[in-house]
Q: 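Pasting a structure here, questions to come.
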Amino acid sequence: MISIKEIAAKLGVSIATVSSVLNGKEKERRINAALADKIKRFALESGYHPNQVAVSLRTGKSRIIGLIVDNISGAFFASLANTIEKELEKYGYTVLYCSTGNNESKVETLIRILFQHNVDGYLVIPAAGMEEQLSELTSRKRPVVLMDSYFPDTKLPYVLVNNYEGTAAGIKHLIKAGCRNIAFVCNDISLVQMAERRRGFVETMISAKMQVGEDSILATPYMGEKGQVVRSIAAYLKKKRPDAVMFAANYLGVYGLEAIKKLGWTIPSDIGVVCFDDHELFQINTPEITAVKQPVEDIAQLAVKILMGEMGIEKKVTEQQVEIMGKLIRRKSV
DNA sequence: GGCTGAATGAGTGAAGCCAA
DNA sequence: TTGGCTTCACTCATTCAGCC
């Protein structure tokens, strides 16, 4: 790898001249066109690439965005990350991925590492206990945009699906199909998106004059082991005997299908199924599973746009706290 | 007009200085 | 001699002020 210093020495010019030419400022700095061409050609032939550590040191910019998610292996997060990467590429930025595993001490470490790497901005899927660190980042003028959830006590920008309306659409679909004893399976995560889905279920049931008791909701442990969660769902369904169930997350839907299979029940004759957040498996399952699809691409694109606005790269987006409507995909599970 | 020297940024290791 | 502390030089790319 050749440096700007070596190019300057080889061509017998100063480092400043090489830097100006390679940064497209030869006219502004009134550098001879022939010399500029010579420098560009030599840099190209010798495979010159700027040392990003040095650039970051000098400019205070790294052209890297930190993407902090809960679990990168999840379908929703993977899809989100894919779109974010493509969007950021348009602005000449790369992504540094971090997965918190919903672990508070890991959150603190990851944010510190990203800060030490001088990342220019943060796209974050919030985890419990993150508020303080994120507030510190914004106080240090580091732009942060949240996705999928938000903290009600902060003014941080966010983009997420309308969890309440999405859940309500799923429940209304079940009621319209004639289901009367509907169960709701969620997790016990203490974040706003799950609370909103839960609220969407309860209020839609009440407004439709349907019975909602404590046994209408099963909250599974968020980071619970798969086999254990499947068993708890199966036990719950067996005891409650609902005519329909809505799963509050796609991974719960996948676990739920396994639980229903264990019980030997048939969808939709024994139990109707709707899931919040679509999944590839729902389309190939027999029957196909009805789901509320999250507008993942829209969320990612808007989050990047807001972040670029905060960083002064794009025009600042006026509406910084946005909820986008999900779409009910009707299949054959109801 | 065409070009260069030097300051700058944060971190780190080496060198220098002083007291015990 | 050793430990503790400070200062300096160096990394590399960028950019302003200034020289010829």
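Given the structure is predicted, the values throughout are model-derived calculations rather than measurements. Every chain is numbered from 1 and lettered A, B, ... according to where its sequence line falls, protein lines coming before strand lines.
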Q: Does the protein touch nucleotides 3-9 of chain B at the base, only the backbone, or not at all? Give it as B, S and - per nucleotide, heavy atoms under 4.0 Å.
A: BBB--BB
Q: Which pairs pass ring pair (Phe, Tyr, Trp, His ring centres under 6.0 Å) with one or both residues in residues 87-114 of chain A, sequence neighbours excluded?
A: none
Q: Measure from CD on A/E6 to P on C/dC12 and round the result to the nearest Å.
A: 8 Å
Q: Residues two or more places apart in sequence or in another chain: which of them pass salt bridge (charged side-chain N to carboxylate O under 4.0 Å, His left out) with A/E132?
A: none
Q: Note down the inter-axis angle between the two ends of the helix from B/dG1-C/dC20 to B/dA20-C/dT1, five pairs each, to the nearest 10°.
A: 60°
Q: Please give, in whole Å, the distance from B/dG2 P to A/K38 NZ?
A: 16 Å
Q: Checking A/E323 now: which residues fulfil salt bridge (charged side-chain N to carboxylate O under 4.0 Å, His left out) with it, not counting sequence neighbours?
A: none
Q: Quick one: A/I4 CD1 to C/dT15 P, roughly how many Å, whole number?
A: 10 Å
Q: Using the test ring-ring contact (aromatic ring centres under 6.0 Å, His included), find all partners of A/Y150 that sit at least two apart in sequence or belong to another chain.
A: A/Y158
Q: Can you list everything that forms a side-chain hydrogen bond (donor to acceptor under 3.5 Å, both in side chains) with A/S232? Sequence neighbours excluded, please.
A: none
Q: Counting only heavy atoms from other residues, nucleotides and ligands, does the tally under 6.0 Å from CD of A/E89 exceed 12?
A: no
Q: If I take atom CD in residue A/E26 and atom P in nucleotide B/dG1, what distance separates them, rounded to the nearest angstrom?
A: 16 Å
Q: Under the salt bridge (charged side-chain N to carboxylate O under 4.0 Å, His left out) rule, collect the residues that match up with A/D148, sequence neighbours excluded.
A: none
Q: Could you state the CD1-C1' distance from A/I7 to C/dA13, rounded to the nearest angstrom?
A: 11 Å
Q: The criterion is salt bridge (charged side-chain N to carboxylate O under 4.0 Å, His left out); which residues satisfy it with A/R198, sequence neighbours excluded?
A: none
Q: Would you say C/dC12 has OP1 or OP2 under 4.0 Å from some side-chain N or O of A/Y48?
A: no
